[in-house]
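Here is the structure we will look at.
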Amino acid sequence: MVELKRTDLSVRAERAILLHTILHKDKDNKDSLAELMSLAKTAGAKVLDSVVQRRRKVDPSFYIGKGKVSQLAELCKDKEIDVVICDDDLAPAQVSNLEKVIDTKVIDRSELILDIFAARAKTAQAKLQVELAQLEYTRPRLKRMWSHLSRIEGGIGTRGPGEKQLEVDKRLVSKRVLVLKKRLGQIEKRRKHQAKARKEHTTVSLVGYTNAGKSTLMNRLTDAGVFVEDKLFATLDTKTSLCELGNGKKVILSDTVGFIRKLPHHLITSFEATLEEVRWADFLLHVVDVSSPDVIGQVDAVNNVLKELECDKKPTIMVLNKVDVLKDSSIITFFQSKYDNIVTISALTGQDLEKLKQEMVSFANKGCTEIKLECGVSDGRLLAYIYENSGVLNRTFINSSVHFHIVIEEKNLSRLYQLGGEDLTVTHIS
């Protein structure tokens, strides 16, 4: 038997078999297996087959029954499989037992997602978040993953006489986790300061199932230049940009990491600094790939993550994207009957983007007030503030003064009065 090495959990360019268990209490969730297939391909694996078993409960030793384990072992040998990818998270003992019998590397859903995240992380923040998630996942599994710790702080060669390697490993991991959390905490503080600084504008966050078209929509609405690729988790980094909706109305738009079903909790925790953009937003754009056969399941998956983030009650526009390739429009009727504030678009072609902008203006104007004001033409700071932070409905020059009819967010009124001083005349329109 070949000794399995746990130094590299990646699946790039490896021949893979997918492993999926359906419990009797659950429906036959083929969509979950299809998602696992997409995740494996995104990671670079070549999926050759899948093994599915229906059971009353998960086997505590092998995840699947012993007979199925024997079948899996023969399949791995016949097809020269490099890795078995399980659709659920496995206990360390389950992985160890499976690997001993089938003589093939076994990874679970979390390990697969972490591999993708590690490959996609580009910014310093994303890399820190990925490393934290990996270590949080690794900590209870150290007995079978000792050797990978040689990459942490120069390795484990400083062990004292008589000290067990596992104890040193645990200490190194715990130390590194604290360092990463401290660094991410510093980043989060900076992001909070940035968020406060831009609260003069309405903030909007794009959320949605991964590959629903969020980044394409972001590029359509702004000049952000977000990386777009037809793969899951094409980008992990939050991108924020100014979005002009017309008639002087502007919002701050943020793109976030895509969601999937069964997104491990420790990943949400590790990416908390990124997902804070969702919490800070005044309202959300929930982007939906309405052409997906599993569109309802994907929407439910996003709603579940939003609930975990305590953002499920936040004002939301549901953006049904990819209508240009939709074959059955009845799904739109279904969503319209179940959800409020529905807009159908194609981010790729630009279809009905103006309707979306109008809906965004309507949402942004909630909490706004309509006023008329008069100020001097020479008051440059006040004029600049009006143009940058309000929607100008009408403007008239009379002698040395300017008469405005504007819509402005109530939170910006105090600054308006402060800049205008005693010379500012304001009339509120009911």
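Since we're looking at a predicted model, the values are computed, not measured. Index from 1, following the sequence.
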Practice prompt. Verify, without hydrogens or angle tests, whether S292 (side chain) and D294 (backbone) share a donor-acceptor contact under 3.5 angstrom.
Written response: yes
Worksheet item: Is any side-chain heavy atom of T203 closer than 4.5 Å to a side-chain heavy atom of D282?
Response: yes
Worksheet item: Counting only N and O atoms by type, is there a donor-acceptor contact under 3.5 Å from the side chain of K46 to the main-chain atoms of A16?
Response: no
Worksheet item: Which heavy atom in A281 sits nearest to a heavy atom in L284, and how many Å separate them?
Response: CB-CD2, 4.0 Å
Fill in: Salt-bridge contact E74-K77 (side-chain N to carboxylate O under 4.0 Å)
no
Worksheet item: With a 4.5 Å limit on heavy-atom distance, are the side chains of I296 and I331 in contact?
Response: yes
Practice prompt. Decide yes or no for I317 and H286: does some side-chain heavy atom of the first lie under 4.5 Å from some side-chain heavy atom of the second?
Written response: no
Discussion item. Would K250 and E388 count as a salt bridge (charged side-chain N to carboxylate O under 4.0 Å, His left out) here? Give the steps.
Written reply: CA-CA 8 Å; K250 301 175 183 177; E388 290 178 7; over 6 Å; no
Worksheet item: side chain to side chain contact (heavy atoms under 4.5 Å, CB included) with A212: which residues, sequence neighbours excluded?
Response: V287, D289
Worksheet item: When you look at D89 and S110, which way does the side-chain contact (heavy atoms from CB on, under 4.5 Å) test go after all the steps?
Response: CA-CA 6 Å; D89 282 352; S110 284; 2.9 Å; yes
Worksheet item: Judged by atom type as modelled, is there a donor-acceptor pair below 3.5 Å linking the side chain of D49 to the main-chain atoms of I17?
Response: no
Discussion item. Given 3.5 Å as the limit, does a donor-acceptor pair link the side chain of T216 with the main chain of K214, or not?
Written reply: no
Worksheet item: Is the backbone N or O of F62 less than 3.5 Å from a side-chain atom of Q94, with the two atoms forming a donor-acceptor pair by type?
Response: no
Fill in: side-chain contact (heavy atoms from CB on, under 4.5 Å) between F259 and L306, worked out
CA-CA 9 Å; F259 301 157; L306 289 176; 4.1 Å; yes
Fill in: Heavy-atom neighbours of E410 CD exceed 12 at 6.0 Å
yes
Worksheet item: Do R15 side-chain atoms and V83 backbone N/O form a donor-acceptor pair below 3.5 Å?
Response: no
Practice prompt. Output yes when a side-chain donor or acceptor of N97 lies under 3.5 Å from a complementary backbone atom of A93, and no otherwise.
Written response: yes
Item to complete: Step by step, work out the side-chain contact (heavy atoms from CB on, under 4.5 Å) result for Y385 and N412.
Response: CA-CA 10 Å; Y385 187 81; N412 294 335; 3.3 Å; yes
Worksheet item: Only one of L114, I85, V95 clears side-chain contact (heavy atoms from CB on, under 4.5 Å) with I107; which?
Response: I85
Worksheet entry | Side-chain donor or acceptor of E111 paired with backbone N/O of D108 under 3.5 Å | yes
Fill in: Verdict with reasoning, E409 to T202, per side-chain hydrogen bond (donor to acceptor under 3.5 Å, both in side chains)
CA-CA 8 Å; E409 293 181 56; T202 301; 2.6 Å; yes
Listed pairs under 3.5 Å, donor-acceptor, residues 342-353 side chains, sequence neighbours left out:
residue, atom, partner, partner atom, Å
S346, OG, D324, OD1, 3.0
S346, OG, T349, N, 3.2
S346, OG, T349, OG1, 3.0
T349, OG1, Q351, N, 3.3

Worksheet, complete the sentence: What one should report as the nearest heavy-atom pair of L132 and L184 is CD2-CD1, 3.6 Å
Worksheet entry | Stepwise salt bridge (charged side-chain N to carboxylate O under 4.0 Å, His left out) check, R176 with E131 | CA-CA 9 Å; R176 182 61 178 168; E131 185 180 356; 2.7 Å; yes
Practice prompt. Test S254 against T240 for side-chain hydrogen bond (donor to acceptor under 3.5 Å, both in side chains), laying out the working first.
Written response: CA-CA 4 Å; S254 295; T240 300; 3.0 Å; yes
Fill in: Step-by-step side-chain contact (heavy atoms from CB on, under 4.5 Å) determination, V84 to I102
CA-CA 9 Å; V84 173; I102 67 176; 3.8 Å; yes
Discussion item. Whether the side chain of S362 engages the backbone of Q358 through a donor-acceptor N/O pair (distance < 3.5 Å, no angle test) should be reported.
Written reply: no
Item to complete: Check for a donor-acceptor pair, side chain of E370 on one end and backbone N or O of I406 on the other, with a separation under 3.5 Å.
Response: no
Worksheet item: What pair of heavy atoms forms the shortest contact from G208 to V302, and how long is it?
Response: C-CG2, 3.5 Å
Worksheet item: So, for F283 and A364, which heavy atoms are closest and what is the spacing to 0.1 Å?
Response: CE2-N, 3.9 Å
Worksheet, complete the sentence: S241 and T222 have their tightest heavy-atom pair at OG-CB, 3.7 Å
Item to complete: Taking the side chain as every heavy atom from C-beta outward, state whether K327 and S291 have any pair of such atoms under 4.5 Å apart.
Response: no
Worksheet item: So does E136 pair up with K181, basic N to acidic O under 4.0 Å?
Response: yes
Worksheet item: Just wondering, do L19 and S50 contact through their side chains at under 4.5 Å, heavy atoms?
Response: no
Worksheet entry | Pair H405-N394, side-chain hydrogen bond (donor to acceptor under 3.5 Å, both in side chains): steps then yes or no | CA-CA 5 Å; H405 182 185; N394 190 32; 5.7 Å; no
Discussion item. Looking at every heavy atom in both K79 and L48, which two are closest together, and how far apart are they?
Written reply: NZ-O, 3.8 Å
Practice prompt. Is it possible for you to check whether K338 lies under 6.0 Å from the centre of the six-membered ring of F335, through NZ or CZ, and within 45° of that ring's axis?
Written response: no
Discussion item. Using a 6.0 Å cut-off, check whether atom NZ of K366 has over 12 heavy atoms from anything other than its own residue.
Written reply: yes
Worksheet item: Between L39 and I260, is any pair of side-chain heavy atoms under 4.5 Å apart?
Response: yes
Worksheet item: Is any side-chain heavy atom of V58 less than 4.5 Å from a side-chain heavy atom of D88?
Response: no
Worksheet item: Is there side-chain contact between R56 and L23, with at least one heavy-atom pair below 4.5 Å?
Response: no
Discussion item. Which residues pass the ring pair (Phe, Tyr, Trp, His ring centres under 6.0 Å) test with F404, not counting sequence neighbours?
Written reply: Y387
